[in-house]
Amino acid sequence: MEFNELIRKFAERFGIDVPEIVDDAAAFDADGMPFFIMRAANEDGSEYLVAAADLGEPPPERMEKLYEALLDAGHAFAGAGGGVFARNPADGHIWLQLREAYASIDVESAIAKVKALGEAAVNWRDIIREYREGASIPEAQMSGGLPDDGTGADSPPGLVMV
């Protein structure tokens, strides 16, 4: 599967414009949050698909509780959309990332994985904002329960290719 084909099919599925692809990477905006899909290679030449979202900077208060909630959500990937949480040491931002062997995916499975990661990323971005504002976090959100918007829409919220 060619990366261009994957991105084109992804855009078709969600009814958005095909983004510019630069060096086997495409970026889009998911409800105001940077989200990237790229094709990369290991030193041995094996290729993988990466999807990653910048969830933002954690709040200065209650960080230990937020990190605890992120670790809990990452258990069995239940609240992480199949991805893993990471902290960028350069700026302290929290990221949600997914890496899959390129040879093991097809268009449909890649779209499903990226969609699940996008939904979880938007959910956790909002949780981080709520921590910043000091509001209580519903247990369903912390444990990975994504709110159902009732529309039955197949697209992650606010998905826009850039």
Inset, instruction - Mind checking the CG-NZ spacing from L117 to K115? Nearest 0.5 Å is all I need. - result: 12.0 Å
Legend entry - Closest approach of Y67 to P58 (non-hydrogen atoms, all atoms of both residues): OH-CG, 3.6 Å
Legend entry - Heavy-atom closest pair, residues L96 and A121: CD2-N, 3.6 Å
Inset, instruction - Could you check V107 against E5 for side chain to side chain contact (heavy atoms under 4.5 Å, CB included), going step by step and ending with a plain yes or no? - result: CA-CA 8 Å; V107 171; E5 174 190 3; 4.1 Å; yes
Legend entry - Any side-chain heavy-atom pair of M1 and L6 under 4.5 Å: yes
Inset, instruction - Report the distance from atom CG of L66 to atom CD of E61, rounding to the nearest 0.5 Å. - result: 10.0 Å
Inset, instruction - Give the minimum heavy-atom separation between F36 and W95, together with the two atoms involved. - result: CE1-CH2, 3.6 Å
Legend entry - Ring centres under 6.0 angstrom apart (F28, F10): yes
Inset, instruction - Give a yes or no on whether W124 and F77 share a hydrophobic cluster (residues Ile, Leu, Val, Met, Phe, Trp, Tyr; joining criterion: side-chain heavy atoms under 4.5 Å apart). - result: no
Legend entry - Interatomic spacing from CD1 in I7 to CD1 in I37 - rounded to 0.5 Å: 4.0 Å
Inset, instruction - Determine, using the 4.5 Å side-chain heavy-atom cutoff (strictly less than), whether M38 and I111 are members of one ILVMFWY cluster. - result: no
Inset, instruction - Identify whether the distance between the nearest side-chain nitrogen and carboxylate oxygen of E108 and R13 falls below 4.0 Å. - result: yes
Inset, instruction - Check the surroundings of atom CD in E2: do more than 12 heavy atoms from other residues, nucleotides or ligands lie under 6.0 Å from it? - result: no
Inset, instruction - Decide whether a cation-pi geometry holds between R39 and Y48; the criteria are a distance under 6.0 Å from NZ or CZ to the six-membered ring centre and an angle within 45° of the ring axis. - result: no
Inset, instruction - Let me see the working for H93 and D54 under side chain to side chain donor-acceptor pair (under 3.5 Å), right down to the final yes or no. - result: CA-CA 7 Å; H93 282 219; D54 182 348; 2.9 Å; yes
Inset, instruction - Decide yes or no on side chain to side chain contact (heavy atoms under 4.5 Å, CB included) for R125 and V122, but give the supporting numbers first. - result: CA-CA 5 Å; R125 186 269 327 262; V122 168; 3.7 Å; yes
Inset, instruction - Identify the two heavy atoms, one from G81 and one from A120, that lie closest to each other, and give their separation to 0.1 Å. - result: N-CB, 3.6 Å
Inset, instruction - Could you tell me whether a side-chain N or O of Y102 sits under 3.5 Å from a main-chain N or O of A40, the two making a donor and an acceptor? - result: no
Legend entry - Closest approach of G79 to F85 (non-hydrogen atoms, all atoms of both residues): O-CZ, 4.3 Å
Inset, instruction - Heavy atoms only: give me the nearest G82-L98 pair and the separation to one decimal. - result: O-CD1, 3.3 Å
Inset, instruction - Check the hydrophobic clustering (I, L, V, M, F, W, Y; side-chain heavy atoms under 4.5 Å; chains of links allowed) and say if V50 and M33 are grouped together. - result: no
Legend entry - Any donor-acceptor pair under 3.5 Å from D106 side chain to S109 backbone: yes
Inset, instruction - Inspect the surroundings of CG in D23 and state if more than 12 heavy atoms from other residues, nucleotides or ligands are less than 6.0 Å away. - result: no
Inset, instruction - Give the cluster check for V84 versus I94: same hydrophobic cluster or not, with ILVMFWY residues linked at side-chain heavy-atom distances below 4.5 Å. - result: no
